[in-house]
There are 2 protein chains.
Amino acid sequence: MRLTNTKSVKQGIRAVAARAGVSTASVSRALNNPDAVSPSLRARIEQAIEALGYIPHAPARILSSRRSRTLGAIVPTIDNTMFARGIASLQQYLSSVGYMLFLTTSGYDLDVELQQARNLISRGVDGLVLRGDCHHDGLRKLLADNAVPFINVGIYQPDRPYPCVGTNNEAAAHRAAAHVIELGHRRIGIVSALQRNNDRASARVAGFRRALAERGLELPPQWHVEVPYTLDDAREAARHLLNLKDRPTAVVCGNDVIAYGVLLEAERDGFSVPRDLSVVGFDDLDWSRHLRPSLTTIHVPTGETWQRAGEYLVRSLAGEQTIMHREIDFSLVVRESTAPPPKSLK
Amino acid sequence: MRLTNTKSVKQGIRAVAARAGVSTASVSRALNNPDAVSPSLRARIEQAIEALGYIPHAPARILSSRRSRTLGAIVPTIDNTMFARGIASLQQYLSSVGYMLFLTTSGYDLDVELQQARNLISRGVDGLVLRGDCHHDGLRKLLADNAVPFINVGIYQPDRPYPCVGTNNEAAAHRAAAHVIELGHRRIGIVSALQRNNDRASARVAGFRRALAERGLELPPQWHVEVPYTLDDAREAARHLLNLKDRPTAVVCGNDVIAYGVLLEAERDGFSVPRDLSVVGFDDLDWSRHLRPSLTTIHVPTGETWQRAGEYLVRSLAGEQTIMHREIDFSLVVRESTAPPPKSLK
DNA sequence: GTCTAGATTGTAACCGTTTTCAGATAGTGC
DNA sequence: GCACTATCTGAAAACGGTTACAATCTAGAC
């Protein structure tokens, strides 16, 4: 049998109510909707809360109200400047509107993502923030079955029936490639992130390819390399690409970290950037403007993107009508790593 | 009045129980302690769960069981490789033992940290992971009043009554400074992170200073600079230090990002590292070995540190007796950024 | 002074689990 | 075959809040 002392309640809202000489309903109201109780009552209750050091029990609140004021986010990894940025920004926004964030990671694994989503829903989140639109089939069903609002972030797909917010990666990549083409390059290589289960990466590759195709430029297979996540991987791929007998004069990269790898490897092999080789990145991480040569890249406002995702969900949950597909502008930032190709190789 | 259809329960454990023809108690047992129910029952229940797509409601579970299998972590910022690393590692460990992590940020503000702690406790976390041992007075009281287990991570203070896990920052910093002293440097500058509300930063400064003091070396005030968080801040400070008429021949830095700033600024001002200037970092971020010159620094196993913190709490919560103060070894990684001082300035 | 609308407060059911306790069932030694 | 355990299972009371509804109170309007 559970010990229940009917005389005195040691904690909880009932203790506060008892001390303030009011009902639990009033305490609850004072907490959630202060205007609904008279100033005098409110003062008494606040004083009792203070005196008892009362902290509301969120799980009970969630259970009773069916709302948690908590969002869940599933990112591939937190150990990546882009995501860390985004999450920080999202979290800051959410906390400013009284929401909390449950953060989990999927490690780029769709099954894990599904599992994490189940986890978060179980936890009672009011909505979910997902990366991209490349998900397990079961995930959509799960979201639909449980009527969980969600948004795909980091991509822009106005034609899809799911909400999303992000830059148009295809267009941005196209812009990046167009930049080196405009500089006069005709021999352009691509070093992209792994495209598998990563629609962002593949959209960028598509943009690069379209830019080349529009100018009738060839892309020999050996000039397109895909690399995993680390700088070491990027360096290795770059080394390979730079040592081809027939090497490109410019390399467009799927993200800045990859570009760093190309830059480092180029330096190591004695190529001068941008004299011998032009390099374009994508994301515009902090480092990119500090590097020497500084990196020409596509600037993507990650913080804004994720904050908008939060705004979308919070507003939807508040019953407001909001834009389902929001495009976030990118911009090309031209720095030192790009220049016209050497005359001899033009 | 709430609508309650007494005939059919649409969801929840009762729906599962009804479908399987068992009591809710059995379903709960099948979920939490499978061995406690007979295989046949378990099979029936599992099938019902599957058929209904049942997802347990964690808040209700927490409310009832008084345990959330969730830990809270409060870090200054997530947008910092060190913390991102640590959090990623902690999260991975926790998920491997069936725990979840509630992550919040304090922005280096003690009041915010206290508020976040309140928030997390309200959320029902079973324990708290904190950064360092520099907290608001109210925080300890809060933790004590609510009997919330916690651990300070990133520091090692065996003499304190609070659990902690981390490297001995003072000793590690001492080692870093000793390294350049051993190389023959006598004119050594310090560029540290802000010490206010940051015991890690101040322990490092203390270690640097002790190493200098032990060899009887002077530290003119203008040779010790404190900088905020960004690379830009570090560069500005470095520029100032390097342009002193009477400048040091070696600089020990409070962390790697600061060291990058010094390195970049040195290059910009035409100093050659390590010929004209030796630089030592602290943390050993990924970049440090890729940079040119690569950075001599103190390697700190961040991932292990945070995982240990998780282990400590999980074990404590399981009732196991565990070590309260755990020291994590650091190591000096000598790379290209340090060398004996130029003869002329020795 | 009575009546009514509106503002405030209280009562108690309910949110979806876990868990105690007791009852039912099956297995064992004699 | 019987009493006696050891195992399973079920009924129902919590857990700590929210909130629908009822009850009370207040202030004008007449």
Side-chain angles (χ1 to χ4, degrees), chain A residues 1-6 8-45 48-49 52 54-70 121-124 126 146, chain B residues 1-6 8-45 48-49 52 54-70 121-124 126 146:
Chain A
M1 175 182 49
R2 293 199 181 170
L3 298 177
T4 305
N5 188 333
T6 32
S8 74
V9 188
K10 277 301 175 200
Q11 48 174 320
I13 201 174
R14 290 179 166 92
V16 176
R19 187 175 229 270
V22 301
S23 72
T24 61
S26 293
V27 177
S28 176
R29 274 188 286 256
L31 247 25
N32 300 305
N33 187 10
D35 293 337
V37 303
S38 67
S40 65
L41 246 205
R42 199 188 316 154
R44 279 227 308 289
I45 291 170
I49 287 176
L52 293 170
Y54 167 70
I55 298 181
H57 189 62
R61 206 206 282 251
I62 295 166
L63 177 60
S64 184
S65 68
R66 332 296 296 283
R67 296 202 49 216
S68 63
R69 292 187 76 82
T70 299
I121 291 174
S122 157
R123 240 51 208 201
D126 292 337
N146 294 79
Chain B
M1 176 181 47
R2 295 202 179 169
L3 298 177
T4 306
N5 189 333
T6 31
S8 75
V9 190
K10 277 301 175 197
Q11 48 172 322
I13 203 174
R14 290 183 165 90
V16 176
R19 189 175 227 271
V22 301
S23 71
T24 60
S26 293
V27 177
S28 175
R29 276 188 285 254
L31 247 27
N32 300 306
N33 187 12
D35 294 336
V37 302
S38 66
S40 66
L41 246 205
R42 200 188 315 154
R44 279 228 308 290
I45 291 170
I49 287 175
L52 294 169
Y54 167 70
I55 298 181
H57 189 59
R61 205 204 280 252
I62 295 166
L63 177 58
S64 186
S65 68
R66 330 295 298 282
R67 296 204 48 218
S68 63
R69 292 187 76 80
T70 300
I121 291 174
S122 157
R123 240 51 206 200
D126 292 337
N146 295 80

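To find a chain, count down the sequence lines: A is the first, B the second, and so on, and within it residues start at 1.
In this structure, of C:dT17, C:dT8, D:dG17, it is C:dT17 that holds the atom nearest to the side chain of B:Ser64. Picking from D:dG10, C:dG16, D:dG16 the nucleotide with the shortest atom distance to the side chain of A:Ala60 gives D:dG16.
If you check every strand for non-hydrogen atoms under 4.0 Å, B:Leu41 touches sugar and phosphate atoms only. At the heavy-atom level, B:Pro56 lies under 4.0 Å from the strands shown only through sugar-phosphate atoms.
Checked by atom type and distance alone, the side chain of B:Asp126 pairs as donor or acceptor with a backbone atom of B:Arg69 at under 3.5 Å. The closest donor-acceptor contact from the side chain of A:Ser122 to the backbone of B:Ile55 lies at 3.5 Å or more, if one exists at all. Counting only distance, with no hydrogens or angles, the side chain of A:Thr24 and the backbone of A:Ala17 share no donor-acceptor pair below 3.5 Å. Proximity of a side-chain donor or acceptor of A:Arg44 to a complementary backbone N or O of A:Ala20 within less than 3.5 Å is detected.
Taken to the nearest 0.5 Å, the CG atom of B:Leu63 stands 12.0 Å off from the OG atom of B:Ser68.
If you measure from atom CZ of B:Arg69 to atom P of C:dT18, you get 12 Å, rounded to the nearest angstrom. A straight line from CZ of A:Arg123 to P of C:dG16 spans 17 Å, rounded to a whole angstrom. Between the P atom of C:dT8 and the CD1 atom of A:Ile45 lies a distance of 13 Å, rounded to the nearest Å. Atom pair A:Arg67:CZ and D:dG16:C1' shows a separation of 19 Å (rounding to whole Å applied). Atom pair A:Ile49:CD1 and D:dG16:P shows a separation of 16 Å (rounding to whole Å applied). Distance, A:Ile62 CD1 to C:dT17 P: 14 Å, rounded to whole Å. Summarising the geometry, the separation between CD1 on B:Ile13 and C1' on C:dT18 is reported as 8 Å, rounded to the nearest angstrom. Note: CG (B:Leu63) to P (C:dT19) measures 12 Å, nearest angstrom.
For the OP1/OP2 pair of C:dT18 and a distance below 4.0 Å, the side-chain nitrogens and oxygens of B:Arg61 include at least one atom meeting the criterion. For the OP1/OP2 pair of D:dT18 and a distance below 4.0 Å, the side-chain nitrogens and oxygens of A:Ser65 include no atom meeting the criterion. Taking side-chain N and O atoms only, A:Arg66 has a distance below 4.0 Å to OP1 or OP2 of C:dG16.
Contact check of residues 26-35 of chain B against DNA chain D (heavy atom, cut-off under 4.0 Å) returns B:Ser26, B:Arg29.
Contacts of B:Ser26 classified as side-chain contact (heavy atoms from CB on, under 4.5 Å), with partners at least two apart in sequence or in another chain: B:Val22, B:Ser23, B:Arg29, B:Leu41, B:Ile45. Residues passing the side-chain contact (heavy atoms from CB on, under 4.5 Å) test with A:Asp35 are A:Asn33, sequence neighbours excluded.
Heavy-atom distances to DNA chain D give each of A:His57 and B:Thr24 a nearest nucleotide, and the one nearer the 5′ end belongs to B:Thr24.
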